[in-house]
**Q** 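Input: one structure, supplied below.
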Amino acid sequence: MINSIGLNRSGSVWSGDGKQCRNEQKSKKEAVCMKRSCVADVLANDSSKVLVKGWVHNINCVGKIAFVHLRDRTGIIQIVADESMVRDLRLEMSIEVTGNRVVNGKAPSGVEIHAEAVRILGTVYYDMLPFGINRKRINASLDTQLDHRTVSLRPARSRAIFRVQQEIEEAFRSYFREHGFTQIHTPKIISSATEGGSEMFTVDFFGRRAFLAQSPQFYKQMMVGAGFERVFEIGHAYRAELHNTWRHLSEYVSMDVEMGFIESYEDLMDIEEGYINYLFRHLKSACAAELEMFGVSLPDSVEIPRLPLAEAQRIVLEKYGRRSPLSGLDAEGEKLFSEYMKNEYGTDFVFLTKYPASKRPMYTMPDPENPELTQSFDLIYKGLEITTGSQRIHDYEMLKSNMEKFGLDPENFRFYLDSFRYGMPPHGGFAIGLERITMKLLDLDNIREATLFPRDIKRLEP
RNA sequence: GGCCCGGUAGUUCAGUCGGUUAGAACGCUAGCCUGUCACGCUAGAGGCCGAGGGUUCGAGUCCCUUCCGGGUCGCCA
């Protein structure tokens, strides 16, 4: 049943001739008493009269009959109303609608609401939306979308990325807790560089020079030594590097792991491989709809090949004629090598091991067979490095002399080094870039899509 | 930061050899249309061509500077 009701700017309901009429008063009263239903519930559950709240996703008038698509966090439903009832609606207003739930094959989702009353809850103040968001894809550049983040996140597809990201984090937390790890939070304002120093943000800390942590490295190692044995942290890391690429952020979420009493760095790869398998199982049940939205199907189990970096470099050179830098593979090399692994072994993942000592931080354990190399690894996923890890040096004297070998003054790392004087066990760890794994899992083109408010060399707002 | 490419309507883009009043699609506004779902039809509004300087009778178009964006390298998750 469709009534002729107009709306004034303040959002109250009036009849067409300006007199508030009894029926509408009644339905407004009902709206106040009724409990709000989410769109997904209305679609799923059989109930005659409903109250829904959400945003105006689309308005489409055919003669005197109006089709308004209302979007809330759970979905989109079609509202059918008289054209006069929705005359004052504009896209993206927040509204509430009371009406009758009707099963109708002609409705996009099979169910629609025949409106009795429409009320504006939150009006809009724009001449023009910055870009359309009610089509299959947003037709605006990523940069434009990021400038208007509260608009670009509105389509379900945009928000689905962060639902998946939440579950990646959730799986990380539950997997490592199940394996005896303790979640920690370490300081982000720190006094010294962990691995270099040039790429850190400086902070004025009450007149002293401080830095934003580029990694929780020192502190997570110290917590292994402090008796936790196994720790993990999910927190921001900061990099002041002067690059602007699809895979870099100045502020990103690092999922860090550090594990004591290991036999070798193989233990670290074992546990990370376990996490990847756990994660995929978790996502398949927790995010089935989101994965489908992105056309992603995950394997039931993943076995990750491990091979030395030098071997990968040789393959990239021999198969693709591309020379690699000493430090590893460049972006193109990582892509080519991932292609090779996909074709030869049918896997999206590969552990590259034994990076050269000169290209790894001073705390990395050298390879006993070749001191030029290290007990280290990267995890490459779909052509992108998503993890760096290694066994660490746990002997005080060895660590101290390695610092000197790297041209660093051990005095500058006193607080870190001192913690190695009290029986530090053999240990190691790794970190997974949360936005990177999210991006690759959903086959996104740019890491900024997997970040609510990305920070990069050019972007400090919003 | 180095190198390469770009910046034209709200958005995404076209714009020939430097030459009249700068175009399209979507979006927006008004009107018509009772089952739309990329609705349809008619009309309309919307531009300091990123900014600044230069060459020229004349610059969206050529040159310089600068800002912004895309790619890439070193580095990294």
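Naming convention: chains lettered A, B, ... in sequence-line order (proteins, then strands); numbering from 1 in each chain. Given the structure is predicted, the values throughout are model-derived calculations rather than measurements. For the numbers below, each heavy atom of this structure counts, side chains included, while hydrogens, waters and symmetry mates do not.
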**Q** When you check the phosphate oxygens OP1 and OP2 of B:G27, does a side-chain N or O of A:R135 lie under 4.0 Å from one of them?
**A** yes

**Q** May I ask whether A:F67 stacks on the base of B:G35, given the cut-offs of 5.5 Å between ring centres and 30° between planes?
**A** no

**Q** Closest-nucleotide mapping onto RNA chain B: is A:D456 or A:H248 further toward the 5' terminus? I mean the 5' end.
**A** A:D456

**Q** With rounding to whole Å, what would you report as the distance between B:G2 and B:G74 at their C1' atoms?
**A** 9 Å

**Q** Classify the nucleic acid contact of A:E435 as base, sugar-phosphate or nothing, counting any heavy atom under 4.0 Å across all strands shown.
**A** nothing

**Q** Select one nucleotide: of B:G35, B:C33, B:A77, the one nearest the side-chain heavy atoms of A:I65.
**A** B:G35

**Q** Tell which nucleotide pairs with B:G60, taking only Watson-Crick or G-U wobble pairs whose two distances are both under 3.5 angstrom.
**A** none

**Q** Using only side-chain N and O atoms of A:S254, determine if any of them is under 4.0 Å from OP1 or OP2 of B:A77.
**A** no

**Q** With rounding to the closest Å, how many angstrom separate the P atoms on B:C32 and B:C48?
**A** 33 Å

**Q** Check this for me: does the side-chain of A:E241 come within 3.5 Å of the base of B:G1 through a donor and an acceptor?
**A** no

**Q** Counting only side-chain nitrogens and oxygens, does A:S141 get under 4.0 Å of the OP1 or OP2 atom of B:U12?
**A** yes

**Q** Round to the nearest Å and state the distance from A:F430 atom CZ to B:A77 atom P.
**A** 13 Å

**Q** Between atom CG in A:L379 and atom C1' in B:A77, what is the gap in whole Å?
**A** 11 Å

**Q** Among pairs that include at least one residue of residues 438-451 of chain A, which meet side-chain hydrogen bond (donor to acceptor under 3.5 Å, both in side chains), considering only residues two or more places apart or in two chains?
**A** A:Q165-A:T438, A:N244-A:R448, A:K382-A:D443, A:N446-A:R448, A:R448-A:D456

**Q** Distance check, C1' atoms only: B:C64 and B:U55, in whole angstrom units.
**A** 11 Å

**Q** Within the 4.0 Å heavy-atom criterion, would you say A:N60 contacts the bases, only the backbone, or no part of the nucleic acid?
**A** base

**Q** For nucleotides B:G60 and B:G18, find the distance between their P atoms and express it as a whole number of Å.
**A** 13 Å

**Q** Check A:V257 against A:K220 and note the closest heavy-atom contact, atom names and distance.
**A** O-NZ, 3.2 Å

**Q** B:C32: syn or anti, with syn meaning chi within 90° of zero?
**A** anti

**Q** Let's test this: given Watson-Crick or G-U wobble pairing with both distances under 3.5 Å, identify the partner of B:C33.
**A** none

**Q** Suppose you measure atom P in B:G50 against the same atom in B:G15; what distance do you get, rounded to whole Å?
**A** 14 Å

**Q** State the pairing partner of B:A24; accept Watson-Crick or G-U wobble contacts with both distances under 3.5 Å, and report none otherwise.
**A** B:U12

**Q** Strictly by Watson-Crick or wobble contacts shorter than 3.5 Å, is anything paired with B:U55, and which nucleotide is it?
**A** none

**Q** Say you pick atom P in B:C49 and the same atom in B:U21; how far apart are they, in whole Å?
**A** 15 Å

**Q** Checking A:Y252 against A:E435: is there a side-chain donor and acceptor pair closer than 3.5 Å?
**A** no

**Q** For A:D82 and B:U36, what is the distance between atoms CG and P respectively, to the nearest whole Å?
**A** 17 Å

**Q** So is the aromatic ring of A:F131 stacked onto the base of B:U11, judging by whether the centres are under 5.5 Å apart and the planes are under 30° apart?
**A** no

**Q** How close or far is atom P of B:G35 from atom NZ of A:K64, stated in whole angstroms?
**A** 13 Å

**Q** Can you measure A:M128 atom CE to B:U11 atom C1' for me and round it to whole angstrom units?
**A** 9 Å

**Q** Would you say a side-chain N or O of A:K458 is under 4.0 Å from OP1 or OP2 of B:G69?
**A** yes

**Q** When all nucleic acid strands are considered with a 4.0 Å heavy-atom cut-off, which category describes A:I386: base, sugar-phosphate, or nothing?
**A** sugar-phosphate

**Q** If you check the A:L249 side chain, which of B:A77, B:G71, B:G35 turns out closest?
**A** B:A77

**Q** Please classify the nucleic acid contact of A:P108 as base, sugar-phosphate, or nothing, using heavy-atom distances under 4.0 Å.
**A** base

**Q** So, A:Q391 versus A:H427: side-chain donor-acceptor pair below 3.5 Å or not?
**A** no

**Q** Give A:L384 one of three labels, base, sugar-phosphate or nothing, depending on what nucleic acid heavy atoms sit under 4.0 Å from its own.
**A** nothing

**Q** Could you give the distance separating B:A45 and B:U12 at their P atoms, to the nearest angstrom?
**A** 24 Å

**Q** Could you label the plane-to-plane angle of the A:F413 and A:F218 rings as parallel, tilted or perpendicular, counting under 30° as parallel and over 60° as perpendicular?
**A** perpendicular

**Q** Counting any heavy atom closer than 4.0 Å, what does A:L91 reach on the DNA or RNA strands: base, sugar-phosphate only, or nothing?
**A** sugar-phosphate

**Q** Mapping A:K136 and A:N446 onto RNA chain B by nearest heavy atom, which one lands closer to the 5' end?
**A** A:K136

**Q** Looking at every strand, decide which applies to A:N244 at a 4.0 Å heavy-atom threshold: base, sugar-phosphate, or nothing.
**A** base

**Q** Centroid separation under 6.0 Å, is that true for the rings of A:F232 and A:F181?
**A** no

**Q** Using whole Å, report how far CD1 of A:I133 lies from P of B:U12.
**A** 15 Å

**Q** Over 60° means perpendicular and under 30° means parallel, so tell me whether A:H282 and A:Y278 are parallel, tilted or perpendicular.
**A** parallel

**Q** In the strands shown, is B:G69 matched to any nucleotide by a Watson-Crick or G-U wobble pair with both distances under 3.5 Å, and which?
**A** B:C5

**Q** Below 4.0 angstrom from OP1 or OP2 of B:U12, is there any side-chain N or O of A:T144?
**A** yes

**Q** Donor-acceptor pair under 3.5 Å: do we get one between A:R436's side chain and the base of B:C76?
**A** yes

**Q** A:T388 has a side chain; which of B:G35, B:C76, B:A77 sits nearest to it?
**A** B:A77

**Q** Can you tell me the distance, in whole Å, between the CG atom of A:N134 and the C1' atom of B:U36?
**A** 13 Å

**Q** If we count only N and O atoms by modelled type, under 3.5 Å, do the side chains of A:S109 and A:Q78 hold a donor and an acceptor together?
**A** no

**Q** If you take atom types as modelled and just measure distance, does the side chain of A:E83 reach the base of B:U34 with a donor-acceptor pair under 3.5 Å?
**A** no

**Q** Which part of the nucleic acid does A:E251 contact within heavy-atom distance under 4.0 Å: base, sugar-phosphate only, or nothing?
**A** nothing

**Q** Could you tell me whether the side chains of A:Y416 and A:Q217 share a donor-acceptor contact shorter than 3.5 Å?
**A** no

**Q** B:C39 and B:U34: how far apart are their C1' atoms, nearest whole angstrom?
**A** 13 Å

**Q** NA contact type, A:A107, heavy-atom cut-off 4.0 Å: base, sugar-phosphate, or nothing?
**A** base

**Q** What integer distance in Å separates A:L142:CG from B:G69:P?
**A** 11 Å

